[in-house]
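Each remark here refers to the structure printed beneath this line.
So that the names make sense, note that chain A is the first sequence line, chain B the second, and so on, each numbered from 1. All of these numbers come straight from a predicted model, not from anything done at the bench.
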Amino acid sequence: MNDQNKPPNKEPSGPQDELKKTDQEIARKEKFQRLILGGVDPFPHKVEKTHTASEIVAQFPPLTKEELEANKIQVRVPGRIVSVRQMGRATFFHISDGRAKLQVYLREDVAGPKAYELFSLFDIGDWIDVKGVLFKTRTGELTVLCDAFTFLAKCFHPLPEKWHGLQDVELRYRRRYLDLIMNPEVGEVFRVRSAIVSFIRRFFDQRGYVEVETPMMQAIPGGALARPFSTHHNALDIDLYLRIAPELYLKRLVVGGMDKVYEINRNFRNEGIDSEHNPEFTMLEFYEAYCDYNDMMNLTEELLCQLSRALFGKEEFPYGEQTISLSRPFRRVKFMEALSQYSGLAPSRFDDRKGIIEFAAALAPEKKPSTFGKAIDIIFDKHVKPQIVQPTFIINPPKEVSPLAKAAKDNPDEAARFELMVAGMEIANAFSELTDPAEQRKRFEEQAEERKKGDEESHPVDMDYVQALEYGLPPTGGEGIGIDRLAMLFANRKSIREVILFPLLRPKE
RNA sequence: GGCCCGUUAGCUCAAUCGGUAGAGCAGCGGACUCUUAAUCCGCAGGUUGUAGGUUCGAGUCCUACACGGGUCACCA
């Protein structure tokens, strides 16, 4: 920020909204002012630390009491004060760096009466930089015997209760920083998420894939069937859409000869919000030339199996009440077989298209299924999806709901496509990419017909993409994997909001 | 968007049939130099989400609204 953009000078040193302050907030502000009067720098620039709390907790506990006494290990460690136990002229407190807690022992006769008095101006929640020697208490807890400390930052609000933490889910999402301070397992979830993403990058990088970034703002929002967010570019005076998928751009790159590409980035879909859907979500998409969807299945198994090993050291892990096993090979079952198996409808009944539409209409009358494709989607969602716990490739769904996929080799009505279901969630979706420009154009036109009939989620016509195909897309396998759902799976969370740091909420007040 | 549930002190939760809104933690004052949910004594802290209504009297019953959660619809 340059100086001209700065807001007019306000008092920088305190919480906003003076009127609403509680007695505790007033007390904290007063202590802060007394610290400043005592010559303390209220906003220091830098900490010359020797360790973080996590590093100390990871490194030194194996040393015995005697070894610690002999070695006199000097440390200087910053952290947030998370608990205080004061006993006259001595005080124990814990500091935290967000991951690990470290105990500090402050004695008046060690730190000096002046410093000891100064510490009474610190509150739970304040940041402090502690200097001292490591030792072990009578109960064996590794502790810093503090001889000096520095003020780092004031916490002007009282923290939530130490024993129960912060429970209110709304507050947890709106003030995720409080959630992270109070609930250490939350930080762990996002470390798992980060580990997943970096593992995926390594996995594809090692296989010669190139990570690319394609437009988030698109004139034609293609690559999936969903309603987009729209926006406007002023200088060009054009309407644009936030992308619902990167697919068509990634395949343009394969046309250009980038034969292995992947992208991990945000997609935006203007749809409902629930425990599996956030309007912005993160998608991995990857495309490999000369491959078909069978190769993608093998690659997916390898990725997930290795990912499980990297995270847990094994191929099994808990999800809710279940134990998920990612051992290869995953079950593969044809869409129509899964449909009749789980719905209890005999395979022959699916020859009666009208009858199936009526069956689906009875299952979900609000949806008013008009086509066979929509009808079997309903039956799939109601009967099949919730029952699949262990990883299962649902292969060769009907072609009509797959406008960007090749037809299956042995059946022109089926798509060369699979969806990977785990724990009732759709984790991945892949197909042998449609490479025939004339066929692609025809499929777009069919979708355009659907749109005219009022289907807002039909695929828009993208003639520029057809033109790209006319330059020749080699046989290509492509896949999308929902990163948020993967994170839910591996972090054992039932809501997508638990794996998105700042899920979309309605603004308050 | 429909339906169900929730919203009480900074936080976590109580409050019986509609009858003076309580506790623990956190805070403030005091005691205490190995505590760890420290302990002990005392004190303070509330427009019960918002706006109406019923009633002698509403945290409690009714209506509307706000926000959140669940579920259904839509979707990945």
Side-chain angles (χ1 to χ4, degrees), chain A residues 15 20-28 30-31 65 82-94 101 103-111 116 120 123-125 135-141 143 145 155-175 178 181-182 223-228 244-245 267-283 285 364-368 374 377-378 381-382 385 419-421 425-429 455-457 480-486 488 494-497 503 505-509:
Chain A
K20 272 193 189 163
K21 274 199 294 188
T22 64
D23 53 346
Q24 298 203 43
E25 287 162 340
I26 292 162
R28 282 169 181 256
E30 276 171 12
K31 286 186 186 174
K65 226 172 152 142
V82 291
S83 65
V84 178
R85 291 168 297 284
Q86 213 188 74
M87 299 164 301
R89 296 190 154 81
T91 299
F92 283 94
F93 58 98
H94 275 98
K101 286 183 190 174
Q103 184 167 253
V104 181
Y105 187 29
L106 181 68
R107 293 171 58 120
E108 191 186 68
D109 59 2
V110 174
Y116 196 80
S120 66
D123 284 299
I124 291 173
F135 77 107
K136 273 191 177 168
T137 63
R138 209 177 271 163
T139 52
E141 179 165 350
T143 302
L145 179 59
C155 178
F156 289 101
H157 303 282
L159 291 184
E161 207 245 4
K162 64 182 169 188
W163 195 240
H164 300 92
L166 182 64
Q167 299 295 322
D168 184 285
V169 286
E170 185 175 352
L171 262 188
R172 287 184 49 232
Y173 299 154
R174 287 191 196 279
R175 304 191 197 158
L178 264 186
I181 291 167
M182 299 311 298
L225 308 175
R227 283 152 67 190
I244 56 173
N267 288 348
F268 306 86
R269 298 189 185 175
N270 205 339
E271 309 277 2
I273 297 174
D274 63 31
S275 60
E276 283 181 40
H277 299 86
N278 194 61
E280 53 178 313
F281 63 102
T282 302
M283 188 81 142
E285 284 203 15
E366 311 88 350
K367 292 201 189 187
K368 298 177 203 126
K374 295 225 153 124
D377 257 4
I378 289 167
D381 285 348
K382 292 265 179 195
K385 208 171 145 179
E419 293 185 322
L420 174 64
M421 312 289 304
M425 287 189 287
E426 186 190 326
I427 295 290
N429 177 20
D455 185 354
E456 281 185 76
E457 278 155 13
I481 296 182
I483 295 295
D484 310 277
R485 289 180 181 177
L486 213 53
M488 287 167 68
K494 293 282 187 184
S495 168
I496 198 170
R497 292 176 214 106
L505 297 181
R506 221 182 260 278
K508 196 133 196 186
E509 279 149 307

Check your understanding: Which residue pairs satisfy the salt bridge (Lys or Arg N to Asp or Glu O under 4.0 Å) criterion with at least one member in residues 155-172 of chain A, sequence neighbours excluded?
Key -> E170(A)-R174(A), E170(A)-K508(A), R172(A)-D179(A), R172(A)-E498(A)

Only counting residues at least two apart or in another chain, list the ones meeting side chain to side chain contact (heavy atoms under 4.5 Å, CB included) with [X].
X: D23(A); result: none
X: R107(A); result: A90(A), Y105(A), D109(A), V110(A), L145(A)
X: E280(A); result: R266(A), F268(A), N278(A)
X: M425(A); result: E276(A), Y319(A), I427(A), R485(A), M488(A), L489(A)

Practice item. With sequence neighbours left out, write down each residue that passes salt bridge (Lys or Arg N to Asp or Glu O under 4.0 Å) with K31(A), or none if nothing qualifies. Key: D123(A)

Exercise for review: Applying salt bridge (Lys or Arg N to Asp or Glu O under 4.0 Å), name anything that partners E141(A), two or more places apart in sequence or on another chain.
Suggested key: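 Expected list: none.
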
Give every pair of a protein N or O atom and an N or O atom of nucleotides 23-26 of chain B that lie under 3.5 Å apart, one pair per line with the distance.
unit_1	atom_1	unit_2	atom_2	d
rC25(B)	O3'	K162(A)	NZ	3.3
rA26(B)	OP1	K162(A)	NZ	2.9
rA26(B)	N3	Q24(A)	NE2	2.8

Study note, to complete from the structure: A correct 5'-to-3' footprint of nucleotides 44-49 of chain B, with B, S and - meaning base, sugar-phosphate only and no protein heavy atom under 4.0 Å, is -S----

Hey, what are the protein-to-nucleotides 2-8 of chain B N/O distances that come in under 3.5 Å?
none

**Study point:** Minimum-distance pair of heavy atoms, taken over all atoms of G480(A) and E285(A)
**Key:** CA-CG, 3.9 Å

Exercise for review: Using the criterion of both pairing distances under 3.5 Å for Watson-Crick and G-U wobble pairs, give all stems of 3 or more consecutive pairs involving RNA chain B.
Suggested key: B:1-7 with B:66-72, B:10-13 with B:22-25, B:27-31 with B:39-43, B:49-53 with B:61-65

Check your understanding: Quantified in whole Å, what is the P atom distance between nucleotide rC61(B) and nucleotide rU16(B)?
Key ->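 Nearest-Å result for rC61(B) against rU16(B) at atom P: 10 Å.
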
Polar-atom pairs under 3.5 Å, protein N or O versus N or O of nucleotides 30-34 of chain B: list them with distances, or write none.
unit_1	atom_1	unit_2	atom_2	d
rC32(B)	N3	G88(A)	N	3.0
rC32(B)	N4	G88(A)	N	3.2
rU33(B)	OP2	R89(A)	N	3.4
rU33(B)	O2	R107(A)	NE	3.0
rU33(B)	O2	R107(A)	NH1	3.1
rU33(B)	O2	R107(A)	NH2	2.8
rU33(B)	N3	D109(A)	OD2	3.3
rC34(B)	O2'	R138(A)	NE	3.0
rC34(B)	O2'	R138(A)	NH1	2.6
rC34(B)	O2'	R138(A)	NH2	3.2
rC34(B)	O2	R138(A)	N	2.8

